Protein chains: 2
Amino acid sequence: MSIQARRERERAERERAIVAAARELAESEGWDAVTTRRLAAEIEYSQPVLYSHFKGKDAIMAAVAVEGFVDLAADLAAARTAAIDERQAVADVAAAYAAFAERRPALYDAMFTLTVYLPFASQDVPVDVARAFAELAETLRPVAGGDDLETYTETFWSGLHGLVTLMRSGRLRRADHDRRLALLVDRFAR
Amino acid sequence: MSIQARRERERAERERAIVAAARELAESEGWDAVTTRRLAAEIEYSQPVLYSHFKGKDAIMAAVAVEGFVDLAADLAAARTAAIDERQAVADVAAAYAAFAERRPALYDAMFTLTVYLPFASQDVPVDVARAFAELAETLRPVAGGDDLETYTETFWSGLHGLVTLMRSGRLRRADHDRRLALLVDRFAR
DNA sequence: CCGCAATCCTAGCATCGCTAGCGAATCTGC
DNA sequence: GCAGATTCGCTAGCGATGCTAGGATTGCGG
């Protein structure tokens, strides 16, 4: 019994190692560098063991993405609670969101651009994903006015997401980023 | 001399055929189905001829993307000029933008998500790309108020882009799309 | 102590983007 | 008009990818 427990423990540890290796590799060298062979070498196991933990490479990326939502939610929560007033909270949370995307581009890509099949708008949203969204919603609640909070949050979120993705892909000049961010916040925080 | 002209004409024709095949294949079966071998078979030439026209697959996708901007600019222009008043124009153009992304998902991906190295925020922006952006800017000019028009346009554009990308990747429920769009327009059109 | 089941590795498949190098067709200079 | 040079498009293949089949080795249960 105990030996079986150790087995399961080691197996769980290895699974965490896979996700950690994928995340670190992606953040340091980009997702193109994250191959199953490279990942296997990193955890010092052979390639097929990856498939005993995850259905495929996409599933590994999805696991990395979920971890990303934990970090994002934490960043947003910190920005929100530290803000002086409700209006400033919107600006600070927006800045924190943009900073997260800027600081962890590979992670952000996994969360929003690359991984498609993460359940989002359904009943079984991963709890960490929901928490990040809830953090945004709480920030916007005081300024949403008569509009439906969920719709309001989703729309504001879209604005943030559009800003960071278009900028990161070179569609928007980085120099004007702060002005765009301020403009977006101004539109939604009054 | 004339025979050389025919050569160049045929070559240009073949190049157009490559881009057209890539676009049609992407729109009917998705970009995953667009492989260089499949493309070569479609134009009834061998694989390497593709590389005498384009530097690589990315360059072909970029060419498709540029074509997409022509269509998008046309859609936006039509929506703008047909609108009753300036405020309605913003709503109509936004709807046209979202409809374009919805109707041509593969094309939209090529324009914004997949192709990275299309020059955008620099001096040599492709003219068709600039036209699409200008169409948006003209629509927003009457409602931009004291804000810088370019910043205003970029921010609104980001909102639209965020809405369509998050929805298409399953992050937003499709049912509430119209409400989000109306909310975004409301924030920017008054 | 032995059969069986789980675990993990070696080897390989199909496919991808891309390129080297050859053969034929075409143009150029005498 | 003809030999040499050049362009053109092809066949074949390279390295790398995600993923899988099948065998070997390990360790548990009777």
Side-chain angles (χ1 to χ4, degrees), chain A residues 1-19 21-23 25-26 29-65 106 109-110 113-118, chain B residues 1-19 21-23 25-26 29-65 106 109-110 113-118:
Chain A
M1 181 63 96
S2 163
I3 171 165
Q4 191 176 3
R6 175 185 55 89
R7 282 250 167 133
E8 287 182 15
R9 209 169 48 235
E10 287 176 349
R11 186 177 164 77
E13 170 58 32
R14 192 173 61 182
E15 186 158 321
R16 276 179 21 218
I18 294 171
V19 178
R23 173 175 175 162
L25 204 49
E29 303 184 34
W31 280 107
D32 283 348
V34 182
T35 69
T36 57
R37 282 169 178 80
R38 187 90 189 262
L39 227 45
E42 212 74 39
I43 63 168
E44 297 178 315
Y45 278 91
S46 77
Q47 222 184 341
V49 299
L50 300 176
Y51 295 89
S52 73
H53 288 273
F54 299 95
K55 193 178 178 181
K57 189 188 174 183
D58 287 356
I60 298 177
M61 293 174 63
V64 173
D109 277 345
T113 306
L114 300 175
T115 306
V116 173
Y117 70 96
L118 246 190
Chain B
M1 182 63 94
S2 163
I3 172 166
Q4 191 176 3
R6 174 186 56 90
R7 284 253 166 131
E8 287 181 15
R9 208 168 49 235
E10 287 176 350
R11 188 177 163 77
E13 170 57 32
R14 193 173 59 181
E15 186 157 321
R16 276 180 20 220
I18 293 172
V19 178
R23 173 174 176 163
L25 203 49
E29 302 185 35
W31 279 107
D32 283 349
V34 182
T35 69
T36 57
R37 282 169 178 81
R38 186 93 187 260
L39 227 44
E42 211 73 37
I43 64 169
E44 296 178 316
Y45 277 91
S46 76
Q47 220 184 343
V49 299
L50 300 176
Y51 295 88
S52 73
H53 288 275
F54 299 95
K55 192 177 178 181
K57 190 189 173 183
D58 287 356
I60 298 176
M61 293 175 63
V64 174
D109 277 346
T113 306
L114 301 175
T115 305
V116 172
Y117 71 96
L118 247 191

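These figures come from a predicted structure and were not determined experimentally. Chain A is the first sequence line, chain B the second, and so forth, proteins listed ahead of strands; every chain is numbered from 1.
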*In whole angstrom, give the distance that lies between atom CZ of B:Phe54 and atom P of C:dC18.*
13 Å
*Mind running a 4.0 Å heavy-atom check of residues 37-47 of chain B against DNA chain D and sending the residues that fall below it, in number order?*
B:Arg37, B:Tyr45, B:Ser46
Counting only pairs under 3.5 Å, give me each side-chain donor-acceptor contact of residues 32-43 of chain A, with atom names and distances, residues two or more places apart or in other chains.
residue: A:Thr35; atom: OG1; partner: A:Arg38; partner atom: N; Å: 3.0
residue: A:Thr36; atom: OG1; partner: A:Gln47; partner atom: NE2; Å: 2.6
residue: A:Arg38; atom: NH1; partner: A:Glu29; partner atom: OE1; Å: 3.3
residue: A:Arg38; atom: NH2; partner: A:Glu29; partner atom: OE2; Å: 2.8

*Whole-Å distance between D:dT17 C1' and A:Asp58 CG?*
13 Å
*Closest heavy-atom contact between A:Gly56 and A:Tyr51?*
CA-CE2, 3.9 Å
*Rounding to a whole Å, what distance do you find between B:Leu50:CG and C:dC16:P?*
13 Å
*asked:* Nearest to the B:Tyr51 side chain among C:dC9, C:dG17, D:dG18, which nucleotide is it?
replied: C:dG17
*How close or far is atom P of D:dT20 from atom NZ of A:Lys57, stated in whole angstroms?*
15 Å
*In whole angstrom, what separates A:Leu25's CG from D:dT17's P?*
11 Å
*asked:* Under 4.0 Å, heavy atoms only, any strand: does B:Arg11 hit a base, just the sugar-phosphate, or nothing?
replied: nothing
*asked:* Tell me the closest heavy-atom pair linking B:Arg11 and B:His53, and the distance in Å.
replied: O-CE1, 3.3 Å
_In whole Å, I'd like the distance from the NZ atom of A:Lys55 to the P atom of D:dG18._
17 Å
*Heavy-atom pair with the smallest gap, counting every atom of A:Trp31 and A:Lys57*: O-NZ, 4.2 Å
*Let me know the distance between CG of B:Asp32 and P of D:dT17, rounded to the nearest Å.*
18 Å
_Atom CD of residue position B:Glu44 - does it have more than 12 heavy atoms of other residues, nucleotides or ligands inside 6.0 Å?_
no
*What closest approach, in Å, do A:Ala65 and A:Ala110 show between heavy atoms, and which atom pair accounts for it?*
CB-O, 3.5 Å
*asked:* Both B:Thr36 and A:Pro48 contact DNA chain C. Taking the nearest nucleotide for each, which residue is further toward the 5' end?
replied: A:Pro48
